[in-house]
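Following: one structure in structure tokens, then a few remarks.
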Amino acid sequence: MSSPVGKPGGSSQAQYDALTRSWRRRNRKLFLAVGAICGSVMAGSLAIATAWPNFAWISGVFAGAALCFYLFARMSPPGWIENWQAGAWGEEATAAALAPLKTEGWVVTHDLPAHHGNIDHLVVGPGGVFLLDSKRINGTVTVSDGRVAVQRLDNPTLGYNHPGAGHVIALAKETHDRVLAGSRLNVWIVPVMVLWANFPQGVTDDRCTFVHGERVAEWLRAQPVKISDNRIEQVSEMVIRALAP
């Protein structure tokens, strides 16, 4: 059973698209200037190839390089914008990992509204109700005492501390409170951070559970039974109804 409320990564992708359009508008004059220069190089290369056929191949190289440079400049927004695209890819990867659960009686929903941001994934099954937040991180992740440390793959000395699971825990509490207020269903919402990264620990528990994306379905299946099979759909509908705007 599945109740797809939203598209996996939909909110992140929409934010990326909106920010990219805004960035291009702000830099329109720069792109026009770069386009004019690259266009001139391409036109000059065509003229040279026409006048001196023996130089056609080198002219083609210059024309291709000019075109690639323009496309790269236009399609490469700043890193803080590209992070939204990476977030969408992470959510899509988690959705694919969760897909097999649907045939096993679990209810999997994506991109649900919340008062602060959105819920990437909500999973309801025999093991309970789980709120999943997907993170795609370029680096090696270590979790210790709630601290999420990331070492960059290219240079481990340039590590940093990830903000961690505070946002996920807050979303789980918000969801619990809204469900309780809207339906009187007092079910705990388990916060889970799904990591698409080099995460040697695989799974670790704190106030929030951290699990590698490739192990998330396996971990969910292994949770002790808290909801009977005949109540899974009912519980899912009550939770989703409570989250409706």
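Just so you know, these numbers use all the heavy atoms, side chains as well, and skip hydrogens, waters and symmetry mates.
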Heavy-atom check, side chain of Val129 versus side chain of Ile227, under 4.5 Å: yes

Is Leu220 reachable from Val225 through a run of hydrophobic residues whose side-chain heavy atoms are each under 4.5 Å from the next? no

Do Asp229 and Pro126 have side chains that approach each other closer than 4.5 Å (heavy atoms only, starting at C-beta)? yes

Separation of Asn186 CG from Leu180 CG (nearest 0.5 Å): 5.0 Å

Got a second to check how far Ile137's CD1 is from Gln151's CD, nearest 0.5 Å? 13.0 Å

For the residue pair Leu101 and Glu104, establish whether any side-chain heavy-atom pair is separated by less than 4.5 Å. yes

May I ask you to decide if Leu46's main-chain N or O and Thr50's side chain share a donor-acceptor pair within less than 3.5 Å? yes

Donor-acceptor side-chain pairing of Ser236 and Trp106 below 3.5 angstrom: no

Ser22 side chain vs Ala18 backbone, donor-acceptor pair below 3.5 Å: no

Is any side-chain heavy atom of Glu91 less than 4.5 Å from a side-chain heavy atom of His110? no

Which heavy atom in Ala97 sits nearest to a heavy atom in Gly213, and how many Å separate them? CB-O, 3.8 Å

Rounded distance (nearest 0.5 Å) linking atom CG of Leu132 with atom OG1 of Thr94: 7.0 Å

Return yes if some donor-acceptor pair links the side-chain N/O of Glu174 with the main-chain N/O of Ala114 below 3.5 Å, else return no. no

Should Leu171 and Pro191 count as side-chain neighbours, where that means a heavy-atom distance under 4.5 Å? no

Rounded at 0.5 Å granularity, tell me how far NE2 in His176 sits from CG in Leu131. 13.0 Å

Are Met42 and Ile37 connected into the same hydrophobic cluster when the rule is that any two of I, L, V, M, F, W, Y join if their side-chain heavy atoms are below 4.5 Å apart? no

Minimum heavy-atom distance Ala197-Gly139, with the two atoms named: CB-O, 3.7 Å

To the nearest 0.5 Å, how far apart are OG1 in Thr175 and CH2 in Trp188? 9.5 Å

Looking at every heavy atom in both Val141 and Gln201, which two are closest together, and how far apart are they? O-OE1, 4.1 Å

At what distance, to the nearest 0.5 angstrom, does CE of Met193 lie from CD1 of Ile169? 8.5 Å

For atom CZ of Arg231, is the number of surrounding heavy atoms from other residues, nucleotides or ligands below 6.0 Å larger than 12? no

So, do Val192 and Trp219 sit near enough that their side-chain heavy atoms are less than 4.5 Å apart? yes

Okay, side chain of Asp120, backbone of Ser134: is any donor-acceptor separation there less than 3.5 Å? yes

Are the side chains of Arg152 and Tyr160 in touch, meaning some heavy atoms are under 4.5 Å apart? yes

Are the charged groups of Asp177 and Lys173 less than 4.0 angstrom apart, N to O? yes

Sidechain-backbone polar pair: Arg136 side chain, Trp196 backbone, donor-acceptor under 3.5 Å: no

